[in-house]
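All remarks here apply to the structure that follows.
Every value quoted in this text rests on a predicted model; they were computed, and no experiment measured them.
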Amino acid sequence: MIDALETIVRSLIAFFTLLIFTRILGKQQMSELTYFDYIVGITIGSIAASLSTAPDVLAFHEWLGLLAWATLALGLQLLAVRNRWFAKAVEGEPVVVVHNGKLLEKNMRIARYPYMDLMEQLRNQGVFDLSDVEFALLEPNGKLSLRKKAQARPVTPQDLGLPTPYEGVSAELIVDGQVLDANLRQVGLDRAWLSGELRRRGIRLGEVAYASLDSQGRLYIDTRDDGISRPVDPSDYRGPN
Amino acid sequence: MRRWLLYGSMAAWLLAFVALLNTGLWLKRLPGQADHFLQLIETIEEHVRAERWAEARAAARALEDEWQGAMRRLFTGTERRARNEVGEAIARLQAALQAGDPTATLLEIATVRYRWRELGT
């Protein structure tokens, strides 16, 4: 009984310690992690697993290991933000692998980046002809950033000299029937205005699944009942999904 | 303000975990009380040296009960292997007392004392 309780308590401690450490370590996306970040993440997870299920090792020592790895990772992050030289030394820097449609073999060799991977990443970005590429850079996280030649790029309003209005970001006003007062205040409006708009459209607050206001002042409202009797179902599979 | 509250609560949780994981060090004896476990070992040793075997065996049973209670409050701050070693040492001590062998008993007493001191460190 005590052994089972011990596993539960150790697991709870490992779980919440990981939660706190990952919250402190920041908002980096998985796709933005360098290989080293990835390995550090795996090591921290592995120590937490050991803290949870290796009762023959003193839990506090495991926890200290977790603390040490998280502190080192945080220290590296802070140093990398403050010191550009250090950031380059630790995280590496982008390598140009294609310049004006030409492969830079020497750079590819230095980065140990195979042709097959380059071609695959180019195809993933809709490029099937190397001569369409102006620049391609291999980022420290292993992703390929590329700039197509002007002839291969889609036409933009800028190319046509067309003026475009400022679009900004829409403010969420209602999510799942709940009014987000802070967002309402941020756009200089209040509940009375929102109630008036809903009344004008004949919608009750409880019926709203989502509502937002764009920078042009247009209110978008999605109700729970969309009035679609038969939604399009692309599946031909009748089992559980 | 809310940010500091968040970091403060995180720090408080981490400190609580540190305290919980170190119960092996500071809950061996309950606050304000003597170390009953060590006291019982001393008592057993005195009885053995005076060859009062019945009293020594009774004290060993009390030591076993004390250990069962201690295990319940120390399990988060000690290794399972170390706890098993204490339990095993107590069983060996009881066996030596049953045999009435003073040399073996004193050896086992020393082992139990050592295991208890090492527990949670």
Review point. About how many Å separate CD1 of A:Ile20 and CE of B:Met10, when rounded to the nearest 0.5 Å?
Key: 6.5 Å
**Study point:** Neighbour count >12 (heavy atoms, 6.0 Å) for atom CZ, A:Phe15
**Key:** no
Review point. Should the heavy atoms of other residues, nucleotides or ligands under 6.0 Å from CZ of A:Arg224 be counted, would the total exceed 12?
Key: yes
**Study point:** Option in A:Val9, A:Leu67, A:Leu64, A:Ile24 with maximal non-hydrogen atom pairs under 4.5 Å from chain B
**Key:** A:Val9
Revision key, fill the gap. Between the OG1 atom in B:Thr78 and the CD atom in A:Glu6, the distance rounded to the nearest 0.5 Å is 6.5 Å
Practice item. Hey, could you give me the CG/OG1 distance between B:Leu14 and A:Thr17, rounded to the nearest 0.5 Å? Key: 6.0 Å
Check your understanding: Rounded to the nearest 0.5 Å, how far does CG of A:Leu5 lie from CZ of B:Phe75?
Key -> 4.0 Å
Practice item. For B:Arg113, look at atom CZ and say whether over 12 heavy atoms of other residues, nucleotides or ligands are found less than 6.0 Å away. Key: yes
Review point. Among B:Val18, B:Asn22, B:Leu20, B:Asn84, which has the most heavy-atom pairs under 4.5 Å with chain A?
Key: B:Asn22
**Study point:** Atom CH2 of B:Trp53 with >12 non-hydrogen neighbours under 6.0 angstrom
**Key:** yes
Review point. So which part of A:Val57 gets closer than 4.5 Å to some heavy atom of chain B, the side chain, the backbone, both or neither?
Key: backbone
Check your understanding: Once you round to the nearest 0.5 Å, how far does CZ of B:Arg80 lie from CG of A:Asp3?
Key -> 3.5 Å
Point to revise | A:Gln216 atom CD, neighbour heavy-atom count above 12 within 6.0 Å | key: yes
**Study point:** For chain B, which residues of residues 45-55 of chain A have heavy atoms nearer than 4.5 angstrom
**Key:** A:Pro55
Review point. Do A:Arg23 and B:Leu6 come within less than 4.5 Å of each other through their side chains, counting heavy atoms only?
Key: yes
Check your understanding: Are the charged groups of B:Arg83 and A:Asp56 less than 4.0 angstrom apart, N to O?
Key -> no
Check your understanding: Are there more than 12 heavy atoms of other residues, nucleotides or ligands under 6.0 Å from atom CZ of A:Arg204?
Key -> no
**Study point:** Heavy-atom side-chain proximity of B:Thr76 to A:Arg10 below 4.5 angstrom
**Key:** no
Review point. Looking at CH2 of A:Trp63 and CZ of B:Phe17, how far apart are the two atoms once the value is rounded to the nearest 0.5 Å?
Key: 8.5 Å
Point to revise | A:Trp69, CH2: over 12 other non-hydrogen atoms inside 6.0 angstrom | key: no
